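These figures come from a predicted structure and were not determined experimentally. Below, each value reflects all heavy atoms present in this structure, side chains not excepted, and no hydrogens, waters or symmetry copies.
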Amino acid sequence: MLNTEVGALLAVIRRPADPNSHYLGSPEESQDNAILQSLKSLRALIFNPQQQWCTIDPSIYLSPFLEVIQSDDIPASATGVALSALLKILKLEFFNLKTPAAAEAIATIVTSITNCRLEKTDSISEDAVMMKILQVLSAIMNHSASALLTDQAVCVLVNTCFQVVQQSIGRGDLLQRSARYTMHELIQKIFSKLPEIETVTSIEGSRLGEEEEEGGEFEGESGYGIRCAVDVFHFLCSLLNVVELVENSGSEVGNNTSFCGDEDVQVFALVLINSAIELSGDGIGKHPKLLRMVQDDLFHHLIHYGTCSSPLVLSMICSTVLNTYHFLRRFLRLQIEAFFNFVLLRVPTTQGVSLQLQEVSLEGIINFCRQPTFIIEIYENYDCDPLCRNIFEDIGKLLCKHSFPVTSPLTSLKIQAFEVEISEFRPFWEDKPRNDSINWVDFLRFRKAQKRKLLVTSYHFNCDEKKGLEYLQLSKLSPDPHDPKALAFFFRYTPGLDKSMVGDYLGDPESFHLQVLKEFTETFEFSSMILDHALRTYLETFRLPGESQKITRILEAFSDRFYEQQTSDIFASKDAVFILCYSLIMLNTDQHNPQVKKKMTEEEFIRNNRAINGGKDLPKEYLSELFNSISNNAITIFGQSGQIVEMNPSRWIELINRSRIIQPYKLSNFDDDKRIGRDMFGSIAGPSVATLCAFFEHGDEEEILHECVEGLFSIARIAQYGLVETLDELLASFSKFTTLLNPYASAEETLFAFSHDLKPKIATLAVFTIANNFGNSIRGGWKNIVDCLLKLKRLKLLPQSVIEFDAANFGTTSSDSQATSEQGLSTPNDSKVVNVSRFSHFLSLESMEDSLSLGVSEFEQNLKIIKQCRIGNIFSKTSNLPEDALINLGRSLIFSAAGKGQKFSTPVDEEETVGFCWDLIIAITLANLHRFQTFWHAFNDHLLAVAQFPTFSPVPFAEKGIVGLFKVCLKLLGTYQQEKTPEEMIFKSINLMWKLEKEILDTCCEFITKSVNKILTEFPANLKTQLGWKSVLHLLSITGRQPETYDQAVETLIMLISDGTHISKMNYTYCIDSAFSFLALRNSPLEKNIMILDLLASTVTQLVQWYKTQCLELSNSNNFSATSNASNSSFEENLRAPSSLNFFMSLFIKLGEALRKTSLARREEIRNAAVMALQKSFMLAEELEFTPNNCINCFNLVIFAMVDDLHEKMFEYSRRENAERETRSMEGTLTIAMELLCEIFLKLMTQISNSPGFRTFWLGVLRRMDTYMKADLGEYGVSKLPGVVPDLLRKMITEMKENGILVQKEDDDLWEITYIQIQWIAPSIKDELFPEESI
C-alpha cells in the first residue's frame, strides 16, 4: 500500500503544470529535490524492513507525506494524494498506542495538518483538499493513538476543523456539511471520554472566579483530558456571543478567528453544546471548572439570547437547557429558575413577540413537563420556597391561558389530601436538604403555607405598615418580639411589597430599624461585582428615600457590605466606598435628570473624586468605567414593585453568588413525592377548569369533545383526594352544556336541542358518569346533577326503574349489585375506574339518518343515551358515598323538593316533582340506614331551612315527606337499635312535617294510622325514646278523630293499654293523654269509652308495682339520693323533686286529672264511669306513698277540682232553657263525686290530718258542703244535694271524732270552727254531732 501511495504521489509531483493554470513555473522549480529524495528513500525502506511495521518509528514513513502536506511549492493535487496516503495509514493503523514514538508521531500529524499550505491551487482543488483534511482530522481522533494527544493538540485539531467550517461558507454545500459533521464528530469524541476522567480532589472546593494553578486539574499523563474539554466548551459558548468572540480571543481554540455572527452559527454552536452535554452526562458535575462554565457562561448566554433570538435558536436553547436539566439539575437550581423566569415564562406574555416565538417557548415548557419528575421537582424547589417564584403555578396558568391541553401529566398523580396550619415560628428563609420522605413532604407543605402567608402579609403591609408587621407575627413568620433577620428577609424576598414603604422603614434611625437594615444588606452577595453593578442590585429592591439622612444610613450599610466582599484591593476603606457611592448617586441624577442642563463630564467626575481613597486617588480607568456605565444606563433609585423582567449583568452575578450558598436542586422520589400532587394541581385547578370548559364550549369536532371529557375524568380522579371544589365547579360548567338547565327554554325546545346536537348528549353522559364513578368527590355539584335529573324526568326520558324505587333493592349485597340490568343500573367493580370504552362507543353511535333508516325514533334514541348514564346506579350505591357527599346529595334533593331552583308549569308537575325528589331522598336514606345518625341530623336541618324559602309550598312537600319518613321510621324500628339517637331524629322530622301543614294529618290519616298501628303492634319494644312514644301516641290520637280511621286507632290504643307490657314510666303520661283524647271525642262508641276508662284505672296496678320496685332498689342501696331511671324529660325531672318516689305520685295525679276532665263529658254514662274509674284508681293505689302533702295535692288537683267543675257545670245548665235533663244528669254525677270525696277523705283522713295545712283543707270541705246545700236549680225545682250533704258531713265528722282528729283542745280552734260551720250548713245534725256541752 505504501509503495502504491509513494508511486502515485511521485507521479503527481512529476506531472507537468497545467498551461491553463494561473500558476506557471518550470518543472525544476516546482519539484523539491528533498521531498523527492525522501519519497525514494521510503520506497527503498518499504521492501527492506529491518523489523515489524508496528515497532518501526512512525515518523520514518510519515515524514515524506507530512513534508508534502506542509510544502508551499507542492500543487494541491499532490497535497490531496499525500493526505489520502496519510488517511490510509491512520485507518489501517500502521502504528498503535504501544508503538514506540507513537505520541510524537500523532502530534506531528496534527502539526502538519494544521500547517497545510495551499499556495498552488484553484477553488475546486482547494475544496477537495479541505475534504481530505476533514477526513484526516476525523481519522486522527478515531485512531487508537489519539489517547496520546495532548490537550493543546486536541484544541488545535478543533480549531483547524472550525477554520475549515468558516472557509466552507460560500462554497459547495457538500463541503459545508462535511465540515460541520467532522466538527460534530470531534466534539463527540472529546466529550465521550469525559465520564472516564478522574476528578482531581485538590480543586473540588474551588469557587467560581478562582483560577486554578497550572497543573492542578489539567495536568495528566494519559493524553488529553479535562483541560481541552474546558477550552473546547468555552469556545463553543463563545460562539453564542459574537462580540465576545471578536474582542476576546485568549483561548487556545479560536485564535485569529473572526466571523459575522448569524443564526446559523448560533444553531451550529448549540448543536455542538447539546452533543457535548449528552455525551458527558452527569460527568460534567465531577469537574468543577467545567461545571462552573455551564453554570455561568453557558446559562448566561442562553438566557440572554433566549429572549431576543429567532424561533430556531430559541428551540435549540430550550433543547440545551432541557439536556442540562436532565443531567446537571442538582447544580443548576437558580439557573433553571432564571431561565423560566426570564425566557420561557416571559416570551409568551410579552407584547410584540411573534406568534412563532411564543409557540416555541410553549413547546419548550411542554417538553419540560413531559419529563417524569419535572413537575414535582419544580414545585418542591421553587413553589414551596418562599424565596423563589411559583414556577409550577405560573406554568400551569400560562398553558391554560394559551389553551394548550397539557395538564394531563399533572393530573395523573394519586395523592392524599392535607390541611396545613402554621402553629410555630420557623425561619421561612432557611431551607434544608432532603432526608426523611415523610418529614420532607410535611416540610414542603409548611414552606408552601409560609409562602402563602407572606403574600397575604405583603398586602397588609402595603395597606398599613403596622398591621402588616403584626400579621407577620400572627402568621408565625416572625417571633414576638420581632427578629431583625425575619423582617430583613421579608423585605428582601417578598414580591409585591411597596418599595417606598420598605425604603422608609430601612432608613429609619431607630436602633431596631438599623438592625433590620444591617440584616437586609447582608442578604446580598457582592463578590465579583464592580461598584455600580452592586449598587444597582441593591437599589432595585426598594425605593431610596428622599431624606438625606436616610440615604446616608442606607449607603453606609451598603458600603460596609461591599467593602467586606470586594475581591480586589481598589478601595482602602469602607469610607472610600461610601463617598464614591454618594458620588455615583449624584452623577446618576446629573446625567439623567432632564432639569439639569449642563451635564458633568468624565474629567469633572474624576476630578471630583480625587484623594477619596485614604488620601489617594482611585484608578482613573476604574472611575472612567463607572462614569460610562452610569451615563449609558441610569441607576433605578426609585424602584417600583413588580416582577423583574430582564436579566442584566449585576443580577446575573448576584445569582451566581447566591448559587454558592443555596441548597442544591432537590431530586424527586416519585413514590414519596406523589403525595403532594394534590397540592400542585390545586394551585392551577381554576385555570385548568376554565380552559377545559372553553375547549368543550367552542369545540365542534368529536375528537376534541372526547378529549375534553377525558380531561374531566382526569380532574375527577384528583378531586377524590380533596379538590372537591374543583370538581363541583367543573360539574356546574358541564351541566350547562347539557341544555337541560336553561330556565328560559320550554320542554319542547330543550328536547329539540338535546336531540339534534351531539354536544349536549356527550355532556349529559359525562356528568352522570362522573356522578357514578366519582360521587365520593362531589359536594355542591350534586345540585347540578339533581337539576339535570329532574329536567330529564319532565322530558319523560328517565327509565321506569329509576322512578319506581323498591326499598328491598337497597339491602342487596355487593355481589348482587354487579349484575347488569336492562336499564343499565350497575356499576363496575371498581367505582373509581371510568368505563371509557362505553363512552367511546357512545361517540360512535349511528347518525340520525342511520337511526331513521333502522326505524329508531328520536325519543327512543334519546332514551337509549339516558340509559347509558346508569342514573339508578347513582342512588342505589349511595352507601359507598362519604358522609359529606351524602349530605350534599340529600341537601340538593330536599331543596329541589321544596321548589328551590325549580319552575313548575302546573300543580300536577309540582306534585310529581316533589314526589320524585322524596322518593330519591327515602331511597338514599334506606340505603344508608347503617349510618343514619351520622347524616340525618344534617337532613333535618335542611328540612327546617326549606320552610324559610320565599316560594315554599308546604302542601305537596309535607304530604309526600311524612309518607316517606314513616317508611324510614318503620325500617328503623323494624330492627333493634342500640342507639336512641336515630329514633329521636326521625320523629323530629316527622313532627316537623305535620307542623308545616296540619292539613296533611287529614289527607294522610289512613297511611299514618296504619304506620302507627304497625309500630305499636309489631315494634313497640323498639321504641326507646320519650320523643318516639310521644309522637306515636299523639299521631294516634289525631288520626282517631277521623271517622274512617277511628276504629283502627282506638283498637290500637286499647290493645296497648290492656296488654300493659309496653307501658312504662317513660310513656305512661302519653298513654293517658292519648286515651283522654279518645274519651273527649263526641259521638264515640260508649262501650269503647267505658272500656278505656276501666283500663286507665287498672293501670294503677302498674304504678304500684313500679313504686314497690323503686322502694326495694332504694332500700338495697340505702341511698335515697339516687335518681330514678324513669325518664330524661324535664317534665319528669321537675315532678321527681325533691324525692324520687314522688314521681309515681305525680303519675297518679296525672291519671286523676285525666279522669277528672272526663267527668265533665256531655254523656252521663261517661261522666259516671269516669268518677267510678277514679274511685277504682284510689282503691288500687293504697300502697302508694300517700304522704300528707300528696293527699292534699290529690284533693286539690283532682277531687276538689272535679266537684267544683261539676257544680259549676250544673249551675250553668240550670240557667239554660230546656236543659232540665242535662241539669239533673249533672246533679247526679255531682252527687256521686261528693260521695267519692267523702269516701276518699275517710280513707286518707289520718295522713291528711297530719298535714300543717289540714285546717285549711277542712275548711275547704265545709265550704264546698255549704255551697252544695244552697244549690239552686232555678226553674227546674229543688236540688237533691241538700239531702245528701248532711249524711256526708255526719260520716266525716263522726269518723274524725272517733279517730281523735276533731276534739276540743285549748290551743286548737278546729272544734269551734266546725261547730259554727255545722250550725250554718246543716243545723239539723248539730245536736247529733255536738250534744250540749260547755264550749
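Side-chain contact check for L1079 versus L1096: some heavy-atom pair is nearer than 4.5 Å. L1035 places a side-chain heavy atom less than 4.5 Å from the side chain of F966. With contacts defined as side-chain heavy-atom distances shorter than 4.5 Å, the pair L1242/C1238 qualifies. Looking at heavy atoms from C-beta onward, K1297 lies out of side-chain contact with V1303 at the 4.5 angstrom threshold. Between L1273 and V1278, every side-chain heavy-atom pair lies at or beyond the 4.5 Å cut-off. Counting only heavy atoms from C-beta outward, the side chains of L1262 and W1320 never approach each other to under 4.5 Å. With contacts defined as side-chain heavy-atom distances shorter than 4.5 Å, the pair V955/I1000 does not qualify. Proximity of M1292 to M1265: side-chain heavy atoms (C-beta onward) are separated by under 4.5 Å at one or more points.
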Intermediate values then yes/no, side chain to side chain contact (heavy atoms under 4.5 Å, CB included), E1295 and F1241: CA-CA 10 Å; E1295 287 293 330; F1241 173 77; over 6 Å; no

Does the pair I1149 and M1145 meet the rule for a side chain to side chain contact (heavy atoms under 4.5 Å, CB included), with working shown? CA-CA 6 Å; I1149 292 175; M1145 185 55 63; 4.2 Å; yes

What verdict does the side chain to side chain contact (heavy atoms under 4.5 Å, CB included) test give for M1179 and I1240, after you've listed the backbone C-alpha separation in whole Å, the side-chain angles of each residue and the deciding distance to 0.1 Å? CA-CA 9 Å; M1179 294 301 105; I1240 301 303; 4.0 Å; yes

Check step by step if side chain to side chain contact (heavy atoms under 4.5 Å, CB included) holds for H1034 and D1073. CA-CA 8 Å; H1034 180 70; D1073 290 339; over 6 Å; no

Stepwise side chain to side chain donor-acceptor pair (under 3.5 Å) check, S1074 with S1037: CA-CA 5 Å; S1074 180; S1037 303; 2.9 Å; yes

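Aromatic ring orientation, F1078 versus Y1046: tilted (interplanar angle from 30° to 60°). Using cut-offs of 30° and 60° for the angle between ring planes, the F939 and W936 rings count as tilted.
Judged purely by atom type and a 3.5 angstrom limit, T1223 uses its side chain to pair as donor or acceptor with the backbone of Y1213. N1196 places a side-chain N or O within donor-acceptor distance of the main-chain N or O of I1192, the cut-off being under 3.5 Å. Proximity of a side-chain donor or acceptor of R1264 to a complementary backbone N or O of G1260 within less than 3.5 Å is detected. Distance alone, capped at 3.5 Å, places no donor-acceptor pair between the W994 side chain and the I962 backbone.
By the side chain to side chain contact (heavy atoms under 4.5 Å, CB included) test, K1108 is found to be paired with V1104, E1183, residues two or more places apart in sequence or in another chain being considered. Qualifying salt bridge (charged side-chain N to carboxylate O under 4.0 Å, His left out) partners for E1328, counting only residues two or more places apart in sequence or in other chains: R1290. Listed by chain and residue number, E1212 satisfy the salt bridge (charged side-chain N to carboxylate O under 4.0 Å, His left out) test with R1216 (two or more places apart in sequence, or in another chain). By the side chain to side chain contact (heavy atoms under 4.5 Å, CB included) test, A1233 is found to be paired with M1202, V1203, L1206, residues two or more places apart in sequence or in another chain being considered. Residues that satisfy the side chain to side chain contact (heavy atoms under 4.5 Å, CB included) test with E979, not counting sequence neighbours, are Q933, T981, P982. Under the rule for a ring-ring contact (aromatic ring centres under 6.0 Å, His included), the partners of F1195 that lie at least two apart in sequence or sit in another chain are F1200, F1257. S1098 meets the side-chain hydrogen bond (donor to acceptor under 3.5 Å, both in side chains) test with K1176; sequence neighbours excluded. Partners of H937 by side chain to side chain contact (heavy atoms under 4.5 Å, CB included), not counting sequence neighbours, listed by chain and number: D941, M985. Residues satisfying the salt bridge (charged side-chain N to carboxylate O under 4.0 Å, His left out) criterion with K1243, sequence neighbours excluded, are E1182. For E1018, there are no salt bridge (charged side-chain N to carboxylate O under 4.0 Å, His left out) partners two or more places apart in sequence or in a different chain.
Residue F1186 comes nearest to C1194 through the heavy atom pair CE2-SG, 4.0 Å, listed as atom of the first residue, atom of the second, then distance. Shortest non-hydrogen contact noted between T1039 and C1005 is CG2-O, 3.9 Å. Of all non-hydrogen atoms in G1040 and T1045, the two that sit nearest each other are N-OG1, 4.5 Å.
Note that CG of D1287 is 8.0 Å distant from CD1 of I1325, once rounded to the nearest 0.5 Å. One finds the CG atom of L1310 at 9.5 Å from the CD1 atom of I1301 (value rounded to the nearest 0.5 Å). Here OG of S1058 is found 10.5 Å from CD1 of I1092. Values are rounded to the nearest 0.5 Å.
With 3.5 Å as the limit, one finds no donor-acceptor pair spanning the side chains of Q1317 and D1266. Side chains of T1025 and E983: a donor-acceptor N/O pair is present below 3.5 angstrom, by distance only. The closest side-chain donor-acceptor pair between W1258 and T1314 falls under 3.5 angstrom. Remark: the Y1070 side chain and the Q1026 side chain contain an N/O donor-acceptor pair separated by less than 3.5 Å.
A ring-centre distance under 6.0 Å is found for W1106 and Y1068.
Pairs of residues two or more places apart, or lying in two chains, that qualify as salt bridge (charged side-chain N to carboxylate O under 4.0 Å, His left out) and include a residue from residues 1049-1063 are E1051-K1088.
Summarising the local packing, CD of E999 is surrounded by 12 or fewer heavy atoms from other residues, nucleotides or ligands at distances under 6.0 Å. At most 12 heavy atoms of other shown residues, nucleotides or ligands fall within 6.0 angstrom of atom NZ in K988.
Only one option out of L1056, N1013, N1067, I1015 pairs with V1032 in a side chain to side chain contact (heavy atoms under 4.5 Å, CB included); it is I1015.
Relative to the six-membered ring of F987, K1030 misses at least one condition, a distance below 6.0 Å or an angle of at most 45° to the axis.
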Name the atoms and distances for all side-chain donor-acceptor pairs under 3.5 Å in residues 1153-1168, with sequence neighbours left out.
unit_1	atom_1	unit_2	atom_2	d
R1156	NE	L1197	O	3.3
R1156	NH1	D1205	OD2	3.0
T1158	OG1	A1154	O	2.8
S1159	OG	R1156	O	2.4
R1163	NH1	S1084	O	2.9
R1163	NH2	S1084	O	2.8
R1163	NH2	S1084	OG	3.3
E1164	OE1	S1225	OG	3.0
R1167	NE	T1229	OG1	3.2
R1167	NH1	A1161	O	2.9
R1167	NH1	R1162	O	2.9
R1167	NH2	S1225	O	3.3
R1167	NH2	S1225	OG	2.5
N1168	OD1	T1229	OG1	2.9
N1168	ND2	E1164	O	3.4

